[in-house]
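Here the structure is a predicted model, which is why all the values come from computation and not from measurement. First listed ligand is number 1; within each ligand, the first listed atom is number 1.
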Amino acid sequence: MGPAEVRRVGVVGCGLMGSGIVEVVARAGAAVTFTEGSEELVTAGRDRIERSIARAVERGKLEDAAAEAALGRIEGAADLGALAGADLVIEAATERLDAKLAIFRALGDIARPEVVLASNTSSIPIVELAIASGRPELVVGMHFFNPPPVMALLELTPAITTSADTLAFVRAYGTDVLGKTCVQARDEAGFIVNRLLIPYLFDAIRLYERGLATREDIDTAVQLGLAHPMGPLRLADLVGLDTTLAIGEILQAEFGEARYAPPPLLRRMVAAGALGRKAGRGFYRYD
Ligand SMILES: NC(=O)c1ccc[n+]([C@@H]2O[C@H](COP(=O)([O-])OP(=O)(O)OC[C@H]3O[C@@H](n4cnc5c(N)ncnc54)[C@H](O)[C@@H]3O)[C@@H](O)[C@H]2O)c1
């Protein structure tokens, strides 16, 4: 199947990332069926999509008619079985190995045998999901960035079992249909972006921890000296300090290198509930 023949996409999980992926796919013209764990979560997922599409209209990024048409192409279900008619499935459920293995095992039975199953996972080996699905050559990583409707990048991460045809298909779909810029990385923890981002954030936290400079001066130095849109401590707050810590732990487990070792201050801030912007406090306060 060519990317232009993808009429219905299945998305598993409609949280932060899944809802954004549903929106991107629907705005690109395909019908989307998303699944969640319960009817309440389906409603919450749909609300999240509606709010995001309304914001795009407010900002002049989307016409009213296009917004309405996109919403009309989206349906939610509390049962993975609803994905039986999908031409492509993108999984964006909670980042837990056992949960994802169960989903890929089920998708292997539910989706038509020729359908590609992609995962948005940030850290779980794609090869494990590929083997669980029973169609290892048709499973690949499609790693979107937050928020998916805004961020242009898509990291494609083939497992050692992924076929060249599967990779070519998701590359063409990501580029030609979704309008993303695709990069490709091996199926190793962190891919390209997190592999570079996490040691950088950890270095900034270590400088702050050692009292080299104030948090404001560290952020201002990077923002103005390196022309970044945001300094590293503010960025860590935005990503979430718990998420930043979790990714660091995964990178350290995979590579065993000191550059991936989480700074003690980060661990203590997470233990104290200072998780960044979403918690109202991290390196900064968000009242
Ligand atoms: N948050 C980010 O910035 C980011 C960026 C790139 C990739 N990711 C990846 O995207 C995935 C989702 O992350 P998120 O931040 O959206 O998490 P989230 O917690 O916001 O959303 C996950 C959703 O999956 C649902 N879910 C769990 N099990 C399910 C199942 N069996 N069937 C259907 N739905 C199920 C949950 O109810 C929840 O709504 C993870 O693999 C994560 O690593 C996250």
Side-chain angles (χ1 to χ4, degrees), residues 9-24 32-49 51-52 75-83 86 89-111 117-126 128-129 132-133 139-157 174 180 183 185 187 189-195 197-198 201 235-251 254 275-279:
V9 175
V11 176
V12 183
C14 196
L16 192 65
M17 293 302 291
S19 61
I21 294 168
V22 169
E23 179 182 336
V24 168
V32 193
T33 305
F34 73 83
T35 68
E36 258 294 346
S38 68
E39 290 298 342
E40 292 73 39
L41 290 167
V42 169
T43 305
R46 183 150 191 112
D47 289 350
R48 209 171 281 124
I49 298 164
R51 279 198 303 275
S52 173
E75 58 185 42
D79 172 14
L80 220 49
L83 304 187
V89 177
I90 304 172
E91 173 277 319
T94 313
E95 188 75 342
R96 278 200 0 245
L97 178 62
D98 55 345
K100 290 207 196 271
L101 288 176
I103 290 168
F104 274 79
R105 246 177 250 126
L107 287 175
D109 292 332
I110 291 165
L117 308 176
S119 175
N120 186 49
T121 181
S122 301
S123 63
I124 290 170
I126 303 297
E128 296 197 31
L129 307 177
S133 74
V139 175
V140 64
M142 284 177 88
H143 189 233
F144 290 81
F145 288 78
N146 183 25
V150 175
M151 299 293 279
L153 185 66
L154 179 59
E155 284 183 320
L156 302 176
T157 58
K180 299 295 182 195
V183 294
D187 173 25
F191 311 133
I192 301 172
V193 172
N194 282 332
R195 192 97 164 251
L197 173 65
I198 295 299
L201 295 182
L235 178 57
D237 274 357
L238 186 68
V239 171
L241 299 191
D242 50 346
T243 304
T244 304
L245 175 62
I247 302 173
E249 284 173 336
I250 287 158
L251 287 167
E254 177 117 324
L275 305 182
R277 184 183 286 242
K278 64 186 169 190

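- Here the side chain of Arg277 pairs no donor or acceptor atom with the backbone of Gly240 at under 3.5 angstrom.
- Between the CD1 atom of Ile247 and the CG atom of Leu197 there is a distance of 7.5 Å, given to the nearest 0.5 Å.
- Within the 4.0 Å heavy-atom cutoff, Ala92 counts among the residues contacting ligand 1.
- Note: Glu91 CD to Leu83 CG = 11.0 Å, rounded to the nearest 0.5 Å.
- A salt bridge is defined here as a Lys NZ or Arg NE, NH1 or NH2 lying under 4.0 Å from an Asp or Glu carboxylate O, and Glu128 with Lys100 fails to meet this definition.
- Put simply, the side chain of Thr94 never gets that close to the backbone of Arg96: no donor and acceptor are under 3.5 Å apart.
- Atom 44 (C) of ligand 1 has its closest protein heavy atom at Met17 CG, 3.3 Å.
- Closest heavy-atom approach to atom 31 (N) of ligand 1 within the set Ile103, Ile124, Val42, Thr243: this belongs to Ile103.
- Leu235 is not listed as a side-chain neighbour of Asp237, based on a closest heavy-atom distance of 4.5 Å or more.
- For the pair Asp187 (side chain) and Thr157 (backbone), a donor-acceptor distance under 3.5 Å is absent.
- For atom 16 (O) of ligand 1, the nearest protein heavy atom lies under 4.0 Å away.
- Taking the side chain as every heavy atom from C-beta outward, Val183 and Ile192 approach each other to under 4.5 Å.
- At the top of the distance list for atom 7 (C) of ligand 1, counting protein heavy atoms only, stands Ser122 OG, 3.1 Å.
- Against a heavy-atom cut-off of under 4.0 Å, Asn146 is close to the following atoms of ligand 1: 3 (O).
- Ranking protein heavy atoms by distance to atom 34 (N) of ligand 1, first place goes to Gly13 CA, 3.5 Å.
- Under 4.0 Å from ligand 1, not a single heavy atom of Phe145 appears.
- Of all protein heavy atoms, the one closest to atom 21 (O) of ligand 1 is Gly15 CA, 3.3 Å.
- For ligand 1, the atoms lying closer than 4.0 Å to a non-hydrogen atom of Glu95 are 40 (C), 41 (O), 42 (C), 43 (O).
- For ligand 1, the atoms lying closer than 4.0 Å to a non-hydrogen atom of Lys100 are 40 (C), 41 (O).
- Among protein heavy atoms, the minimum distance from atom 38 (C) of ligand 1 is reached at Glu36 OE2, 3.4 Å.
- Using a 4.0 Å cut-off between charged side-chain N and carboxylate O, Lys278 and Asp242 make a salt bridge.
- Taking atom 1 (N) of ligand 1 as the reference point, the nearest protein heavy-atom neighbour is Leu16 CD2, 3.6 Å.
- Proximity of a side-chain donor or acceptor of Ser19 to a complementary backbone N or O of Leu16 within less than 3.5 Å is detected.
- For ligand 1, the polar-atom distance check against Cys14 finds no nitrogen or oxygen pair separated by under 3.5 Å.
- Of all atoms in ligand 1, listed by their number and element, those nearer than 4.0 Å to a heavy atom of Val12 are 32 (N), 33 (C).
- Those atoms of ligand 1 with a heavy atom of Thr35 less than 4.0 angstrom away are 33 (C), 34 (N).
- Rounded to the nearest 0.5 Å, atoms CD1 (Ile21) and CG (Asn120) are 4.0 Å apart.
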Take Ser122 and Glu95 through the side chain to side chain donor-acceptor pair (under 3.5 Å) test and state the conclusion after the steps.
CA-CA 8 Å; Ser122 301; Glu95 188 75 342; 4.7 Å; no
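- Residue Asn120 has at least one N or O atom closer than 3.5 Å to an N or O atom of ligand 1.
- In summary, the atoms of ligand 1 found under 4.0 Å from a heavy atom of His143, numbered by their order in the structure, are 6 (C), 7 (C).
- The nearest protein atom to atom 29 (C) of ligand 1, hydrogens excluded, is given as Ala93 CB, 3.9 Å; this is a heavy-atom distance.
- The closest non-hydrogen atom to atom 22 (C) of ligand 1, taken over Leu41, Thr94, Ile250, Leu80, comes from Thr94.
- Between Arg48 and ligand 1, no pair of N/O atoms sits closer than 3.5 Å.
- Counting protein heavy atoms under 4.0 angstrom from atom 3 (O) of ligand 1 gives one or more.
- The closest donor-acceptor contact from the side chain of Lys180 to the backbone of Met151 lies under 3.5 Å.
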